[in-house]
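Reading through the structure tokens given below for one structure.
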Amino acid sequence: MPEINVSALGLDYAGKTAIDDITFTAREGEFLTLLGPSGCGKTTTLMSIAGLAQPSRGVITCGEDVLFDSTRSIDRPPERRNCGVVFQSYAIWPHMSVADNVAYPLRLRKVGKAEIARRVGEVLEMVDLAALAERYPHQLSGGQQQRVALARAITYGPGVLLLDEPLSNLDAKLREQARTWLKEFQSSVGLTTVFVTHDQDEALALSDRIIVMNDGHIEQVGAPEEIYSRPNSPFVASFLGSANLLAGTVIESGRDSTRVRLDGSGQTVAVREPGPDREVLVMVRPEDVEIIDDTTGDESASLQGNLTTRMFVGSSFRYVVDCGGQQLSVSSRERWEPGPVRLRFRIEGVRLFPRSAADQLATDIEEPVHA
Ligand SMILES: Nc1ncnc2c1ncn2[C@@H]1O[C@H](COP(=O)(O)OP(=O)(O)O)[C@@H](O)[C@H]1O
Ligand SMILES: [Mg+2]
């Protein structure tokens with residue numbers, strides 16, 4: 001399967017930049033996800049690869065083929081790009097049976113009848129819909145309709161699959177099933193896949209690598225575990241999972257040990273990395289904070305706080321602990337009562353960001369309004 005290279009891609013709509021300087025490679029057979037809040041440019045990037053949006057600048061290649069190059073005026077039409085595309089809205093034909101929907105791209109390409117029948121049978125087998133070939137879309141569940149769209153996208157054997165929020169119209173339970181199914185499907189067919197979502201759980205669960213996008217540019221690229229445990233900005237930290245970001249000031253700085261005094265309570269925390277600036281944000285995830293008994297007297301390695309809220313979330317409790325006006329979210333399987341507590345941070349999980357990096361926080365995350 002071919003590799004896709006996107007280099008310095010930019011697209012302006014009527015003078016307003018939608019994406020800028022987008023550079024990445026989707027490796028052979030890789031499941032690569034573009035993740036970010038609504039409006040950050042995911043669809044624009046994907047449609048540029050598909051040939052359904054025209055970039056203002058940059059180069060896109062697929063294997064040896066140059067699909068787009070602004071300086072050489074190359075812009076290959078979508079039907080000659082070897083990409084199967086699935087949109088959020090499925091866009092399958094309501095008046096055609098499952099088999100006819102899947103056969104459609106082959107009929108367009110004037111493939112012979114016998115070959116169409118063979119290929120449709122094969123593809124429906126791959127997406128677990130062989131038994132439903134004669135049904136019409138309204139006789140299918142949302143998940144099954146989505147698989148028809150996927151079957152139609154791969155029926156002519158593209159090397160690349162481009163998926164724009166394909167699961168987001170399904171309800172929560174179906175979406176989880178569809179996610180598992182898609183993961184198994186993609187790894188068995190080995191198609192190079194670029195997947196778009198604003199759903200961080202989906203991105204973490206499905207991807208070989210994730211590209212986190214924000215406001216038209218790339219924030220970070222890496223394997224899910226890597227981005228989750230080592231986010232390189234407050235934006236990524238708070239968009240992928242939940243993160244406490246505590247304002248503080250560096251009071252002692254070494255190469256691999258820094259002491260930070262937190263605003264409000266004036267208490268200090270130790271961090272195992274250099275301070276990026278004097279004014280910082282201390283990042284720690286809720287599962288990396290431990291609540292310990294206030295009476296242990298172990299003041300050296302812990303913070304004093306006041307537990308104000310407890311929420312049971314099924315697998316654990318979620319607590320809010322106030323430390324001198326800064327609220328911390330803490331995840332724990334143990335049951336604690338409101339009142340004074342001590343908190344200990346798992347030091348491997350603590351990161352520092354310059355406070356100036358907080359401008360672009362992922363605060364306003366909403367559902368996308370279009371595909
Ligand atoms: N056809 C269009 N005309 C003008 N602006 C657009 C058009 N499509 C998208 N945009 C703008 O480009 C930006 C990126 O949009 P999009 O790629 O759809 O984001 P996402 O898929 O991440 O939600 C947004 O600001 C959006 O309003
Ligand atoms: Mg979109």
Side-chain angles (χ1 to χ4, degrees), residues 4 6-24 26 31-60 67-68 70 75 77-78 81 83-92 142 145-146 149-150 153 160-170 175 178-179 182 193-207 209-222 224 227 231 233 235-236 238-240 359-371:
I4 299 172
V6 173
S7 176
L9 190 71
L11 192 154
D12 307 326
Y13 285 114
K16 207 183 149 285
T17 298
I19 52 172
D20 198 29
D21 202 21
I22 302 290
T23 298
F24 65 85
F31 197 115
L32 181 72
T33 296
L34 305 178
L35 171 71
S38 176
C40 73
K42 306 179 295 293
T43 294
T44 303
T45 305
L46 202 74
M47 292 303 115
S48 297
I49 299 172
L52 299 167
Q54 192 180 35
S56 312
R57 54 201 166 270
V59 179
I60 304 170
L67 304 184
F68 181 85
S70 57
D75 189 3
R81 291 197 178 203
C83 299
V85 188
V86 179
F87 302 98
Q88 177 177 7
S89 58
Y90 317 160
I92 55 178
Q145 289 179 34
Q146 193 51 263
L150 187 63
V160 171
L161 198 52
L162 305 175
L163 307 173
D164 193 354
E165 314 241 9
L167 309 181
S168 62
N169 277 351
L170 306 176
R175 192 156 68 223
R179 190 189 287 176
L182 181 62
T193 301
V194 183
F195 179 83
V196 160
T197 185
H198 67 282
D199 181 326
Q200 45 142 324
D201 293 330
E202 208 165 273
L204 288 172
L206 285 169
S207 318
R209 286 186 310 146
I210 297 173
I211 296 178
V212 184
M213 291 182 67
N214 180 21
D215 197 20
H217 67 269
I218 293 178
E219 287 266 336
Q220 189 169 3
V221 184
I227 296 193
S233 67
F235 174 85
V236 175
S238 50
F239 192 75
L240 213 70
D359 307 348
Q360 289 275 359
L361 266 183
T363 45
D364 194 19
I365 297 159
E366 18 141 40
E367 294 291 305
V369 287
H370 58 89

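This is a predicted model, so every value here is computed, not measured. One-based numbering, in listed order, for ligands and for the atoms of each.
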- What atoms of ligand 1 come within less than 4.0 Å of a heavy atom belonging to T44? 14 (C), 15 (O), 16 (P), 17 (O)
- Who pairs with R179 by salt bridge (charged side-chain N to carboxylate O under 4.0 Å, His left out), at least two apart in sequence or on another chain? none
- Message: Main chain of I19, side chain of T17: is a donor-acceptor contact present, judged purely on distance under 3.5 Å?
- Response: no
- Query: Taking only residues two or more places apart in sequence, or in another chain, which ones meet F31 in a ring pair (Phe, Tyr, Trp, His ring centres under 6.0 Å)?
  - Reply: F195
- Within the stated cut-off of 2.8 Å, is an N/O/S atom of S38 closer than that to the Mg ion (ligand 2)? no
- Taking atom 14 (C) of ligand 1 as the point of reference, which of G39, A14, S38 owns the nearest heavy atom? G39
- Do any N/O atoms on A18 end up under 3.5 angstrom from N/O atoms on ligand 1? no
- Start with the C-alpha distance between N214 and E219, add both sets of side-chain angles, then the distance that settles side chain to side chain donor-acceptor pair (under 3.5 Å), and finish with yes or no. CA-CA 6 Å; N214 180 21; E219 287 266 336; 3.1 Å; yes
- Heavy-atom donor-acceptor pair, N169 side chain to G142 backbone, under 3.5 Å: no
- Looking only at heavy atoms of G36, does any of them come nearer than 4.0 Å to an atom of ligand 1? no
